[in-house]
Colleague: 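Right, I'll just put the structure down here and ask away after.
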Amino acid sequence: MKKLIFTAIAAMSLAACGPKDGEYTLHLLTTNDIHGTYFDSTYVNSDTRNSLMAVNAKVNDLREQYGSENVILIDDGDFLQGDNAAYYFNYVDTNTTHLYSRMAAYMYYDAVVAGNHDIETGHAVYDRVATELNAAGIPFLAGNAIRNDNGGRYLPEYTILKKNGLKVAVLGYDNANISAWLNESLWSGMKFQSLIPLVQEDVDRIIASEKPHAVIVAVHSGNGAGDGAVLESQGLDLFQSLHGVDFLVCAHDHRANTVNKEDICLINSGSHSRNLGHGTISISIKKGKVVAKSVDAELIPIDKNVCDEQMKAAFHDDYLKVKEFTLREIGALATPLYSRQAFAGMSDFINLIHTITLKSSGAQVSFAAPLSQNGIVKAGTLIYNDLFTIYPYENQLYKISMSGKEIVDCLEYSYDAWIQNPLTSGGHVLKIANRPDSRNGNTRWSFIGTSFNFDSAGGLNYTVDVTKPYGERVNVSSLADGSAFNLDEQYSVALTSYRASGGGDILKKGAGIDVANINDRVIETYPEIRELLYEFIQENGELRSEIMGDKSLLGEWYFAPKALTAPLLAHDIELLFGE
């Protein structure tokens with residue numbers, strides 16, 4: 001550690017004089033979408049997982065190899081959500097400096113970019129973390145977060161690093177589509193602007209004013225298709241159009257890859273501390289000016305079993321706090337829960353979510369999707385960790401007004417992404433494909449669509465005929481209590497803040513609902529769904545199937561015709577998840 005500090009001071013002294021003529025090589029290291037994987041333990045068993053502890057072991061090796069004055073370390077967002085440790089320091093222990101802020105300082109991050117899930121934690125959390133990071137000398141960037149009051153930036157758009165006498169501009173931006181997923185209360189006082197043309201405008205301005213020797217743009221945006229059609233995935237749109245930029249760091253979609261061109265490289269390290277992005281830039285300086293550059297990029301897999309043991313020791317007390325919180329007993333479960341069962345019809349797993357949202361809100365209908373593909377909660381004692389398996393995100397509960405037709409149209413849209421006609425698809429009811437996994441390249445069966453957008457409805461009696469075309473599949477016979485369901489009547493609908501804000505496009509594209517003005521439909525809002533889940537368990541003590549699946553509350557739905565779909569669904573589930 002002392003050696004790194006001494007080297008950094010020496011580099012700063014050299015930087016003050018400007019670069020001498022010669023050849024320079026800088027190494028860009030990137031992480032993104034770590035989603036709270038701070039520790040190498042799952043807290044509940046002896047399993048080892050990927051973590052920042054293992055990332056730092058590799059970073060230390062590379063700093064030793066290349067010289068710390070030649071290494072730049074950047075995180076591209078989504079670090080405050082996804083794990084018990086993040087949750088604990090977001091909402092439980094709010095007096096201690098946030099664990100991530102301390103780890104980022106320990107690892108000598110040069111810059112950190114905000115992600116959409118970081119904004120999802122709310123102002124109290126990310127404003128605190130921004131202050132802590134800045135105090136540690138780490139800029140927290142989100143250049144497209146534009147203030148409503150004066151049009152300025154809510155968070156800085158760039159920072160200038162001095163590395164071995166060279167000036168490196170690092171620009172950072174959050175996802176442009178945040179308003180479509182998150183309630184405005186979480187990002188009040190600002191708006192999120194499209195990255196095009198904003199990033200290029202900023203790059204041009206910063207090059208003109210700062211005259212950097214290298215430029216890095218880090219965007220918490222998915223790669224996309226490069227066709228300009230998807231606001232949340234503008235990576236390739238930027239990659240094809242940016243000039244004056246050496247590296248474009250992307251994130252958000254968890255798709256680990258690099259794309260190399262002669263003058264710019266794209267790096268997306270994937271997610272959950274599995275890879276370290278590595279960009280190399282060689283720069284020739286003559287008479288104080290850049291006369292030649294070359295860039296290259298690769299992904300470095302992280303060995304989860306090789307950790308920075310000194311870092312583990314430094315944060316061991318924090319680990320023990322999170323472990324104690326995670327293992328706290330909160331109730332009992334009479335029958336195991338399997339999220340995979342929710343893809344084939346009604347199941348205890350998704351019934352529990354519907355039950356909680358309907359009872360907490362008093363709504364007539366609920367929309368809910370399984371938020372984990374293969375989550376398992378064993379029967380027996382429930383611990384706090386199980387809440388994260390059942391409901392991993394910090395979504396609030398909303399109750400809004402919708403017509404019967406809008407409800408049916410939303411279900412039609414949801415099921416169209418979920419299922420297909422087995423008579424014309426080779427016998428598959430679920431919309432799946434046997435294709436390479438974007439994370440590791442291994443071929444496996446997976447959903448073509450995004451499974452956390454597979455909404456079913458609670459509070460209705462209905463069928464989904466898989467042999468019918470889109471628009472004719474969903475047939476609602478009545479509300480759960482047997483009363484008539486009318487397309488023209490208005491109903492109260494419980495759904496997540498993510499869905500109410502436009503997430504998954506189910507409201508907008510399914511029913512043509514103007515999500516920008518969703519507040520006109522909001523009847524009431526409630527706390528986070530995981531909090532409601534905790535209260536439900538406390539109230540009932542032991543969760544049993546009859547409590548989670550009361551048909552007088554939930555109604556009943558199934559894929560039709562049953563004789564055709566039942567064996568085919570069982571086969572599809574086996575292809576996806578094994579026996």
Colleague: Scan the side chains in residues 506-518 for donor-acceptor partners under 3.5 Å anywhere in the protein, sequence neighbours excluded, and list what turns up.
Modeller:
residue, atom, partner, partner atom, Å
Asp514, OD1, Ala516, N, 3.2
Asp514, OD2, Asn517, ND2, 2.5

Colleague: Can you list every pair that meets ring pair (Phe, Tyr, Trp, His ring centres under 6.0 Å) and has a residue in residues 204-246, with sequence neighbours left out?
Modeller: His220-His252

Colleague: Taking the six-membered ring for Trp, are the ring centroids of Phe454 and Phe447 within less than 6.0 Å of each other?
Modeller: yes

Colleague: Quick test of your reading: applying salt bridge (Lys or Arg N to Asp or Glu O under 4.0 Å), list the pairs with at least one residue in residues 178-190, sequence neighbours left out, ordered by first then second residue.
Modeller: none

Colleague: If the condition is ring-ring contact (aromatic ring centres under 6.0 Å, His included), which residues does Trp557 pass it with, not counting sequence neighbours?
Modeller: Tyr415, Trp418, Tyr462, Phe559

Colleague: Test your reading of the model: is there a side-chain donor-acceptor pair from Asp253 to the backbone of Asn223, 3.5 Å cut-off?
Modeller: yes

Colleague: Give a yes or no on whether the backbone of Tyr413 and the side-chain of Asp416 come within a donor-acceptor separation of less than 3.5 Å.
Modeller: no

Colleague: Looking only at atom types and distance, does a side-chain atom of Asp237 sit under 3.5 Å from a main-chain N or O of Gly228, one as donor and one as acceptor?
Modeller: yes

Colleague: For Tyr100 and Tyr38, take the angle between the two ring planes, folded into 0 to 90°, and tell me which bin it lands in: parallel under 30, tilted 30 to 60, perpendicular over 60.
Modeller: tilted

Colleague: The criterion is side chain to side chain contact (heavy atoms under 4.5 Å, CB included); which residues satisfy it with Pro139, sequence neighbours excluded?
Modeller: Ala111, Leu141, Thr159

Colleague: Is there a donor-acceptor pair closer than 3.5 Å between any side-chain N or O of Asp118 and the backbone N or O of Ala114?
Modeller: no

Colleague: Backbone N or O of Ser188 within a donor-acceptor pair of the His123 side chain at under 3.5 Å?
Modeller: yes

Colleague: Could you check whether the rings of His27 and His278 sit parallel, tilted or perpendicular, using 30° and 60° as the cut-offs?
Modeller: parallel

Colleague: Between the side chain of Arg147 and the main-chain N/O of Tyr154, is any donor-acceptor distance below 3.5 Å?
Modeller: no

Colleague: Ignoring hydrogens and geometry, is there a side-chain-to-backbone donor-acceptor pair from Asn175 to Glu232 under 3.5 Å?
Modeller: yes

Colleague: Mind listing the side-chain donor-acceptor pairs of residues 189-199 below 3.5 Å, one per line with the distance, residues two or more places apart or on another chain?
Modeller:
residue, atom, partner, partner atom, Å
Ser194, OG, Ile196, N, 3.3
Ser194, OG, Ile196, O, 3.2
Ser194, OG, Gln234, NE2, 3.0

Colleague: For Tyr558, look at atom OH and say whether over 12 heavy atoms of other residues, nucleotides or ligands are found less than 6.0 Å away.
Modeller: no

Colleague: Which atom names give the shortest non-hydrogen contact between Ser273 and Asn50, and what distance separates them?
Modeller: O-ND2, 3.2 Å

Colleague: Donor-acceptor pair, distance only, cut-off 3.5 Å: does the side chain of Asn260 make one with the backbone of Ala297?
Modeller: yes

Colleague: With salt bridge (Lys or Arg N to Asp or Glu O under 4.0 Å) as the test, would you mind laying out the steps for Glu412 and Arg473 before giving the verdict?
Modeller: CA-CA 7 Å; Glu412 286 281 359; Arg473 293 179 176 132; 5.1 Å; no

Colleague: What closest approach, in Å, do Ser269 and Gly277 show between heavy atoms, and which atom pair accounts for it?
Modeller: CB-N, 3.7 Å

